[in-house]
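Shown next, in structure tokens, is the structure this report addresses.
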Amino acid sequence: MRVGLKWAALLAVGMAGAALAAPAPDDFAEGMPLEVAAPARAYRLPLPEAVYGFSTREDLGDLRVFNQAGQVVQHALCTPPARSAIRARPVPAHGLPAARSDENPGARFSIETADGVRMRWDPGNSERVASAPGAFEYILDVRDLKAPVTGVRLDWQWRSPQGRAELPIRVEASDNLERWRTVVPRGTLLRVDGLRADGDALETSTVTLPERRYRFLRLVPLDERARDWLQGASVLLRSAGEDSASLSWVTAERAGEPDAAGGRQYRGARPLAARQWRLRLPGPNRVLGVSLSSRAGDGDAWRPRFQGTVASGPGQPLTGAQPTGGVSDRFWRLRILSGGESLGDAPVVLELGYAPLELGFLAQGEGPFLLAYGSGTAPPAQVIDCARLGARPAAARARLEQRRALGGQAALRPAPAPLPTRRIVLWGVLILGAGLVVAMAVGLLRKLRQ
């Protein structure tokens, strides 16, 4: 009896030790050496693209860094800080009364149109609005801007007689102040105090425009009662330093058939925050009105991300890249609002641009270091915080030319289902208790017979 208990205890200890043992390089499908330029406390490098293709976990937990002795080196997965793709620039604005009175004494600069409308403002205070009292619509002068305009951000104050801080407006554009074309039929400015959980106001003060260069923009309220509602205006410009080519563009997976509203659904291929998005259309020279929404999970509500016009240029089917604000949602829905008849039955491809992750690791043990990835049996990695790498980790690089198989395809197979240890122990205790009860009953019967 004692011998059996001893062997059972040894077996349990062996199983626990195997479960807690650190993984070895052969537990992973592939690996590549990491080369460091100089001795340092920590190193950092862009995560190679091959890792995404072999990883079996969405959190990239089947990744390890080993030193020369085959020991696990602590590592971190870091996201580069997002560069601001959009910058705001104040622009001159001039308010026109409903009757289009042109009297504005004291102005230093004026434009007079063929229909007699004269706009004047002081260029020394161009970021504010210069207008006579009772202004209804406003004209923005954006002729001096050399970058494409993506939207307007308005400093507005107005309430309806019912007390609602809500104002729908129409945005028009012109090259000569004579002929105007509508670029946004309806955009709503909204402010609701105390609606958010943190007590701040919920405010919408930005109107997205089709991305292009403009000369003049006109803001026309759709509520005839609005007066003196604009205090300042800025246009949103795409930063010249934002390079879409520096992002890693990945095609989103199609997720089922179009829904009842005609929306095409997609699923992001990477568990990262998307910085930009674009569409691949069936051909060049196509213009579509689209609406893009996203959500984190199947049961969540769709959150609007964009509504406007996109176009593919001559000679290439890609539309211009649009910012997402760093959305990490995995599910996306695209609705074609106009221009869908030009697509036919050809699919519309959604591409998401990600900032490639960076791999950081501490200099633990001797090099050369090995990056191993892709495993169906390795437990989730214990990733450290990127701040633990220090302020300025040294640079390292992955030797892609020396990429080699470690455990191969066999390492990608998931581990067999673990033994139900708790259930086995419970049944063992129950059986042992039942045996003790039987033994006690037999002993009691013998005493009664004697």
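If you're wondering where the values come from, they're calculated on a predicted model, not measured in any experiment.
- No side-chain heavy atom of Q307 sits less than 4.5 Å from a side-chain heavy atom of T208.
- Closest approach of D27 to P23, counting heavy atoms only: OD2-CA, 3.4 Å.
- Under the 4.5 Å side-chain criterion, counting only non-hydrogen atoms from C-beta, W229 is in contact with L219.
- Counted within 6.0 Å of CZ on R335, heavy atoms from surrounding residues, nucleotides or ligands total 12 or fewer; the atom is thus considered open.
- Here R305 pairs with D329 in a salt bridge; the nearest charged N to carboxylate O distance falls below 4.0 Å.
- For the pair R225 and W158, the cation-pi criterion (under 6.0 Å, within 45° of the ring axis) is not fulfilled.
- Looking at R181 and D175, their side chains come closer than 4.5 Å, going by heavy atoms from C-beta outward.
- The CZ atom of F54 sits 3.5 Å away from atom CD of E30, with the distance rounded to the nearest 0.5 Å.
- The shortest non-hydrogen separation linking L209 to Y214 is CB-OH, 4.0 Å.
- Remark: R164 CZ is loosely packed, at most 12 non-hydrogen atoms of other residues, nucleotides or ligands lying under 6.0 Å away.
- Between V65 and L359 there is a side-chain heavy-atom pair separated by less than 4.5 Å.
- Across A321 and R278, no two heavy atoms sit closer than the pair CA-CB, 4.2 Å.
- The closest side-chain donor-acceptor pair between R64 and S375, if any, does not fall under 3.5 angstrom.
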Test ring-ring contact (aromatic ring centres under 6.0 Å, His included) applied to Y373 and F28, step by step | CA-CA 5 Å; Y373 47 89; F28 299 85; 8.5 Å; no

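- When atom types are taken as modelled, the side chain of T182 and the backbone of E172 share no donor-acceptor pair closer than 3.5 angstrom.
- Within a 6.0 Å sphere centred on CD of E401, heavy atoms belonging to other residues, nucleotides or ligands number more than 12.
- I384 approaches A76 most closely through the heavy-atom pair O-CB, 3.3 Å.
- Looking at heavy atoms from C-beta onward, S174 lies out of side-chain contact with R218 at the 4.5 angstrom threshold.
- Proximity of a side-chain donor or acceptor of S338 to a complementary backbone N or O of G289 within less than 3.5 Å is detected.
- One finds the CG atom of D300 at 13.5 Å from the CZ atom of R330 (value rounded to the nearest 0.5 Å).
- Within the 4.5 Å cutoff, the side chain of I139 has heavy atoms near those of the L177 side chain.
- The two residues L154 and A233 come nearest to each other via the heavy atoms CD2-CB, 3.9 Å.
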R227 and F136: side-chain contact (heavy atoms from CB on, under 4.5 Å), yes or no, with the steps?
-> CA-CA 5 Å; R227 296 292 187 275; F136 174 68; 3.2 Å; yes

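- What you find for A396 and L45 is that their closest heavy atoms are O-CB, 3.0 Å.
- Distance CZ/R170 to CG/L222: 6.0 Å, rounded to 0.5 Å.
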Salt bridge (Lys or Arg N to Asp or Glu O under 4.0 Å) between R403 and E49, intermediate numbers included | CA-CA 12 Å; R403 173 181 169 188; E49 286 289 326; over 6 Å; no

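- The line from CG of L167 to OG of S205 is 12.5 Å long, rounded to the nearest 0.5 Å.
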Could you give me the CA-CA distance, side-chain angles and deciding distance for M32 and L370, then say whether side-chain contact (heavy atoms from CB on, under 4.5 Å) is met?
-> CA-CA 6 Å; M32 63 182 70; L370 175 69; 5.6 Å; no

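- At a threshold of 4.5 Å between non-hydrogen side-chain atoms, the residues L362 and R41 count as touching.
- Looking only at side-chain heavy atoms (C-beta outward), E137 and P221 come within less than 4.5 Å of each other.
- No hydrogens or angles considered: a donor-acceptor pair under 3.5 Å links the side chains of Q364 and Q74.
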